[in-house]
Protein chains: 2
Amino acid sequence: MKPGDIKPGDIKPILELDRMVHEPARLAILTVLAAAEEVEFQFLQRITGLNKGNLSSHTQKLEATGYLATTKAFRGRIPVTSFRITKEGRKALEAYRKQLRKVAGG
Amino acid sequence: MKPGDIKPGDIKPILELDRMVHEPARLAILTVLAAAEEVEFQFLQRITGLNKGNLSSHTQKLEATGYLATTKAFRGRIPVTSFRITKEGRKALEAYRKQLRKVAGG
DNA sequence: ATCAACAGGTTTGCAGTACAAACTTGTTGA
DNA sequence: TCAACAAGTTTGTACTGCAAACCTGTTGAT
């Protein structure tokens with residue numbers, strides 16, 4: 001860093017996008033969850049088009065961030081994982097959409 | 001992959017986002033370029049808030065993809081790099097925004 | 001009763017990327 | 001003449017997304 005250089009903080013970014021939400025796979029997940037009360041893994045996989053591995057890891061990240069809550073239960077003897085969006089997650093999604101509108105235009 | 005598994009192509013993704021445009025740094029660059037005829041490196045750096053290194057590498061990627069064109073010239077004896085958005089870039093940005101509107105809501 | 005195939009996920013390995021820091025080439029000022 | 005500056009570029013690291021391999025238990029066929 002040299003004198004005259006633009007320093008961190010010199011500029012307020014136009015757009016402050018939450019990376020956790022910005023990732024398309026997670027955006028899809030949150031968007032679906034925001035519209036439903038609770039959804040199951042399989043359903044979520046079909047609707048988002050993600051494979052199991054990626055759906056699993058993305059939901060884990062969303063959970064670690066507190067945007068999503070996981071429930072594990074059994075249907076008969078078969079394990080079923082379900083997800084809900086948290087209050088935090090809903091807030092984050094709303095904030096993200098607000099940012100998007102700035103750039104989406106029209 | 002086992003029988004019953006969801007296969008690639010089984011599902012048409014809701015959202016088809018161009019990763020080259022989706023990256024916030026590049027989105028900012030393209031957005032600025034779309035609004036101006038031609039902009040200089042320094043200006044672009046100030047307005048996007050990126051540091052020189054990252055601005056340089058992102059513009060190079062955009063150029064490699066054909067979304068941006070670079071002009072190098074001298075102001076006096078000092079080198080000045082300028083950028084324009086290409087026709088392709090404008091199209092890509094427009095398509096991206098169209099996708100965004102689906103998810104941005106209200 | 002045994003064993004292969006299935007259901008429902010999770011973990012791993014790799015390949016690609018963004019960011020900051022270091023470097024480069026030339027210029028200006030003391 | 002030589003240190004500081006201008007304008008970028010290249011490098012190194014740390015992260016992250018994806019597909020494939022793996023795991024645990026269940027069901028169906030023989």
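All chains are named by letter (A, B, ...) in the order of the sequence lines, taking the proteins before the strands, and each is independently numbered beginning at 1. Quick caveat: nothing in here was measured; it's all calculated off a predicted structure.
Only one option out of B:R101, B:R97, B:K102 pairs with B:Q99 in a side chain to side chain contact (heavy atoms under 4.5 Å, CB included); it is B:K102.
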Please tabulate, for side-chain N and O atoms in residues 75-85 of chain B, each donor-acceptor pair with protein atoms closer than 3.5 Å (sequence neighbours left out).
residue, atom, partner, partner atom, Å
B:R75, NH2, B:E40, OE1, 2.7
B:R75, NH2, B:E40, OE2, 2.9
B:T81, OG1, B:K72, NZ, 3.1
B:R84, NE, B:E38, OE1, 2.9

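Between A:F43 atom CZ and C:dG9 atom C1' there is a gap of 18 Å when expressed in whole angstrom units. Between B:Q45 atom CD and D:dT9 atom P the separation is 12 Å, expressed in whole Å. The NE2 atom of B:H22 sits 14 Å away from the C1' atom of C:dT17 (whole-angstrom rounding). One can place NE2 of A:H58 at 17 Å from P of C:dG9, the figure rounded to the nearest angstrom. In this entry the distance linking CG of A:L17 with P of C:dC19 reads 12 Å, nearest Å. Remark: P of D:dG8 and CG of B:L44 are 11 Å apart, rounded to the nearest angstrom. Put simply, NZ on A:K61 is 11 Å from P on D:dC15, counting in whole angstrom units. For the pair B:N51 CG and D:dT9 C1', the computed distance is 12 Å after rounding to whole Å.
Note on B:R75: nothing from the nucleic acid sits closer than 4.0 angstrom, heavy atoms only.
The side chain of B:Q42 contributes an N or O atom lying less than 4.0 Å from OP1 or OP2 of D:dA7. At the phosphate of D:dG17, OP1 or OP2 sits under 4.0 Å from a side-chain N or O atom of A:R26.
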Could you go through nucleotides 27-30 of chain C and list every protein N or O atom that sits under 3.5 Å from one of its N or O atoms, giving the distance for each pair?
none

Please list, for nucleotides 10-12 of chain C, all pairs of protein and nucleotide N/O atoms separated by less than 3.5 Å.
residue, atom, partner, partner atom, Å
C:dT10, OP1, A:K72, NZ, 2.8
C:dT10, OP2, A:S56, OG, 2.7

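B:N54 pairs by the side-chain contact (heavy atoms from CB on, under 4.5 Å) definition with B:N51, B:H58, not counting sequence neighbours. In terms of the side-chain hydrogen bond (donor to acceptor under 3.5 Å, both in side chains) criterion, B:T65 has no residue partners (sequence neighbours excluded).
Side-chain atoms of B:T86 never come within 3.5 Å of backbone atoms of B:A69 as a donor-acceptor pair (strictly under, hydrogens ignored).
Between A:H22 and A:L27 there is no side-chain heavy-atom pair separated by less than 4.5 Å. B:R26 places none of its side-chain heavy atoms less than 4.5 Å from the side chain of B:V21.
For B:Q60 and B:S56, the side-chain atoms include at least one donor-acceptor pair closer than 3.5 Å.
Considering every non-hydrogen atom in both B:P24 and A:R19, the closest pair reads CG-NH1, 3.5 Å. Between A:F41 and A:L55, the shortest heavy-atom distance links the atoms O-CD2, 3.5 Å.
Axis angle between the ends of the helix from C:dA1-D:dT30 to C:dA30-D:dT1, five pairs each and rounded to 10 degrees, works out to 20°.
Rounding to the nearest 0.5 Å places OG1 of B:T59 at 11.0 Å from CD of B:Q45.
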